[in-house]
Amino acid sequence: MLSKRVIPCLDVREGRTTKGIKFENNVDIGDPVEMARFYYEAGADELVFYDITASHERRNIMIEVVRRVAKTIFIPFSVGGGIRTLEDMRAVLLAGAEKVSVNSAAVKNPEIISQGAKAFGNQCVVLGMDVKHVGEKKGIPSGYEIVINGGRTYMGLDALEWAQKGQSLGAGEICLNSIDADGTKDGYEMNLTRLISDNVSIPVIASGGAGRPEHLADVLTDGHADAALIASMVHYGTHTIADIKSHLESRGIKIRKTRSTK
Amino acid sequence: MIVIVDYGAGNLTSVERAVSYIGFKSVITDDPKKIVAADKIIFPGVGAAGAAMETMQKKGIDIALKQSFNSKTPMLGICIGCQIIMDRSDENNAQCLGLISGETRAFSNQMAATFSDNYLKVPHMGWNGLKIVQEHPLFKGIEPKDEFYFVHSYFPVPINQENIYGTTEYGITFASTIGKNNLFATQFHLEKSGEPGLIILKNFCLWSPLK
């Protein structure tokens, strides 16, 4: 049977990793390539790099990071953040990423999903969604709305409708981030994750809110997620991939045991 | 020389990087002459079977691969490379290379519904096991608990059981490693499957079967 995936996410700014709490007060942790090697050897199933470099001119630094990561680890990894055009996608994939994730650019120009899927294959295109709970209202039947700019701008777009549209445009996977849960360490947004996962046929990665191994177990069972994104709970050494996976296994969840975690 | 065949099907550089990491040199080419002259051939790929076959035919790569197969050059197919060696594929209803008898079929669109308790989705994406059903030199060092990285919506269905070396469970049991003579192919991505993937890749680079 297919294993549930545990995916560390590394925020990268100008070539260095950071971890933001609610997108503010970012602190520098270190070299993304060394962190990638560490998590690869520790048994991570996949990695996500999120480029938060503000200046478009300095984005080549990220391409160089991707190139070095691709020579170091032999598991899939995706790159997101600031991907605006087909050329941005191509650069990241050619540098060695397996997947590229599009978020606000897709909200503004949904065609980038279908163009990317056509050029590189559906499996390369991850639709990243930042979502806030706003309650059911006109235009937002699910009660969950798409936001961009780190949660500051409401797009008047229903999260469920957007997920289904993204799938029909050719996204191969959804990375679903709850802005409400992000940084709280109180657990993933279960209702949102279940709602999206049950109504699309592509895999859903739950993101935002992980603080303890129990949170991953919950979202991978009751939340119906296919994979779970983690960040500060492992970056700061509070937990390891091994103890997370051992907890998941104790809850009867099928996980991949790497040779290092066996 | 190990040749990695470029037939317009995705990320060849990741296979080249993995081969280089385990200490071997390879060249990426779409030249049929270089393919026929190679000591070993890897044909990886993501994308669609129809487009892959079209590119191959346009460049004469299909003929080169058939010739190499007949002269028993060691060959390794990965993902799409494991599907286009069948007679035909459900994907784009493509006629394929016919190196192994059988066809490539699609996972049912109904799978998500049929197996709703397990939420099986298509594509089959992520890490899954491998049950070895027939020994092969390329499996040397592989352990029962090893898992491999899959991303696919189609899978090969050989007619002859003797062509099946390993199987994987995803709602159904399907052939995830197949082979014939000196051709071996994996539905999973060896270059993205961590240590176990690198072990099979290295076994292939070191493999010197009788011709």
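Lettering of chains follows the sequences in order, A, B, ..., and the numbering in each one begins at 1.
Between B:Phe174 and B:Phe155, the ring planes are tilted. Angles from 30° to 60° get that label.
Atom CD of B:Glu103 sits in a crowded spot, with more than 12 heavy atoms from other residues, nucleotides or ligands closer than 6.0 Å. Open room surrounds NZ on B:Lys34; 12 or fewer heavy atoms of other groups in view lie less than 6.0 Å from it. Heavy atoms from other residues, nucleotides or ligands lying under 6.0 Å from NZ of B:Lys40 number more than 12.
Residue contact with chain B, scored on non-hydrogen atoms closer than 4.5 Å, is absent for A:Ala117. For A:Lys99, the part sitting under 4.5 Å from any heavy atom of chain B is the side chain, from C-beta outward, and nothing else. B:Leu198 touches chain A through its side chain: at least one heavy atom from C-beta onward sits under 4.5 Å away, while N, CA, C and O do not.
When the candidates A:Cys124, A:Pro203, A:Ala119, A:Gly172 are compared by the number of heavy-atom contacts under 4.5 Å with chain B, A:Pro203 comes out ahead. In terms of non-hydrogen atom pairs under 4.5 Å with chain A, the most contact-rich of B:His124, B:His152, B:Met125, B:Glu169 is B:Met125.
Using a 4.0 Å cut-off between charged side-chain N and carboxylate O, A:Asp45 and A:Lys4 make no salt bridge.
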